[in-house]
Amino acid sequence: MPGNGMEPRALKYEQTLMYGRYTQDLGVYAKEEAARIRKEREHRKPGREEQARVAELREYDESRCAKCKICCVHSQRILLSRIGEDWIFLILLGLVMALVSWVMDFTIAVCLQAHKWMYGGLESNVFLQYLAWVTYPVVLITFSAGFTQILAPQAVGSGIPEMKTILRGVVLKEYLTLKTFIAKVIGLTCALGSGMPLGKEGPFVHVASMCAALLSKFMSLFGGIYENESRNIEMLAAACAVGVGCCFAAPIGGVLFSIEVTSTFFAVRNYWRGFFAATFSAFIFRVLAVWNKDEETITALFKTRFRLDFPFDLQELPAFAVIGIASGFGGALFVYLNRKIVEFMRKQKAINKFLMKKRLLFPAVVTLLISTLTFPPGFGQFMAGQLTQKETLVTLFDNCTWAQQGISEDFMFRGASNAWKNPKTNVFVSLVVFILMKFWMSALATTLPVPCGAFMPVFVIGE
């Protein structure tokens, strides 16, 4: 236990082509760790802190102003313990995560705008447009994969499965360190800025957990309670809620998600911690959007314009049920397809061995394939390829009818919705092509060895 002066050992980590994995059996690791702790306790000597405390008390006893010094020490400890209280920690966690989320979103928007600017500036030459369209994401994804691999391979992927493991008391090597935090933030920013069908929710749960772990180390300077391992686990549970809250400005959803992540046991006292930190983070995140003049006031991240007085008809309820059933089967199929892609790549020993030597080749090839298929003058014109994920969500959330009397050609497309208009097909064909293509492309893209999540691509497909 860290509080007893013993450093916990971590499971052995091995980096593979797409994901890292822990090669040591958990049962064997637990037995070895228990034997090591038992042996250290038998031979343990009084720690430096105890010796320093004894010397300090002896000095006070021998001094003429012992009572004054003891009073000052007690006052100092009370003040520092107040600074180290939970609500201060949770405010700092929410504030830092809101700032990180907003800076990342701003940087991603700049990257996507630069991509469109490069593509639009070469309108006179289709070949140069294609080169600009595919080269930009390939460079960003390759940089993200290389930077993450060099700095901290543990930052690859979503991070939610590993967080579930940590919340059950297993120590994972260098998973909540500053180095991994930097690799995760920069790698995720480049990956999302490339325009690939990737998400940020899962990685942000990991980012928030790393931020909570680093803040705990900092706050331990003011109060020893943060050196307690059980308290750190509770703060990690609250950080899971903050990670979701600062992504979608949804604190209640963040708390529910943190309960899901810690599924086996969730202490009631963690409800208020998660909700308070997630609410503060979501509030600051939306205030920053108003400050940057992205919004006029604090509103939902993805707005709808449904009628509040009568949002739906009763005869639409069976259709909603059918959509829910189809989405459930679609989600299961997505997980199955993603798993089969990973298993196929791992079973091909020759290909796997070659790509392990050329680690950046796999992400570059996958990115080149997806970028080629979404090229707007090419096949991308049948699936609104020039739209980013956020623009796609805005057009799909827009409460407008895309057909009049069953004739889709009568609809007047405006703004970003114009990307769905194609003279060769109607909008419904484009939607079907979009769903089918995005489905397998998202399943393939989430196998890339970069920090990424799968929630947003699946959310867009379901929308």
Side-chain angles (χ1 to χ4, degrees), residues 197-199 201-202 244 247-257 259-260 299-339 374 379-446 453-463:
L198 302 170
E201 185 207 15
V244 178
C247 271
F248 301 108
I252 297 178
V255 174
L256 295 177
F257 181 83
I259 297 173
E260 178 187 352
T299 59
L301 188 60
F302 300 110
K303 296 182 290 295
T304 59
R305 295 189 295 173
F306 299 113
R307 293 183 304 168
L308 298 179
D309 54 343
F310 200 67
F312 61 89
D313 296 325
L314 290 178
Q315 57 265 32
E316 291 178 335
L317 292 178
F320 296 155
V322 171
I323 292 173
I325 294 172
S327 298
F329 280 109
L333 180 61
F334 182 89
V335 174
Y336 176 81
L337 179 60
N338 181 270
R339 182 183 301 170
T374 58
F379 191 77
Q381 63 183 309
F382 301 105
M383 51 183 290
Q386 66 265 44
L387 294 182
T388 64
Q389 283 192 120
K390 186 173 183 179
E391 291 172 343
T392 303
L393 283 173
V394 170
T395 58
L396 294 176
F397 270 125
D398 196 10
N399 188 26
C400 294
T401 303
W402 283 10
Q404 296 179 3
Q405 302 298 325
I407 304 175
S408 61
E409 287 77 7
D410 292 343
F411 177 70
M412 298 297 295
F413 293 89
R414 296 182 180 89
S417 298
N418 193 50
W420 296 100
K421 184 177 181 181
N422 190 285
K424 300 178 182 178
T425 59
N426 61 39
V427 66
F428 301 110
V429 174
S430 297
L431 284 173
V432 172
V433 173
F434 173 85
I435 293 172
L436 295 177
M437 296 298 293
K438 284 290 183 180
F439 191 89
W440 71 265
M441 287 195 299
S442 299
L444 179 62
T446 49
F455 180 80
M456 279 302 294
V458 174
F459 185 59
V460 172
I461 294 170
E463 185 59 32

Val433 meets the side-chain contact (heavy atoms from CB on, under 4.5 Å) criterion, sequence neighbours left out, with Phe379, Phe382, Met383, Val429, Met437

Run the side-chain contact (heavy atoms from CB on, under 4.5 Å) test against Leu317 and tell me which residues pass, sequence neighbours left out.
Phe312, Leu314, Phe320

What are the two closest heavy atoms between Ala454 and Thr446, and how far apart are they?
CB-CG2, 3.8 Å

When rounded to the nearest 0.5 angstrom, what distance separates CZ in Phe439 from CG in Leu333?
4.0 Å

For residues Leu444 and Trp440, determine if any side-chain heavy atom of one lies less than 4.5 Å from a side-chain heavy atom of the other.
yes

Under the side-chain contact (heavy atoms from CB on, under 4.5 Å) rule, collect the residues that match up with Ile252, sequence neighbours excluded.
Leu256, Phe275

Heavy-atom closest pair, residues Asn338 and Ala443
ND2-O, 3.0 Å

Would you please name every residue forming a side-chain contact (heavy atoms from CB on, under 4.5 Å) with Phe455, sequence neighbours left out?
Glu201, Phe248, Phe459

Side-chain contact test, heavy atoms from C-beta onward, threshold under 4.5 Å: evaluate it for Met441 versus Thr374 and give yes or no.
yes

Quick one: does Pro457's side chain get under 4.5 Å of Gln389's, heavy atoms only?
yes

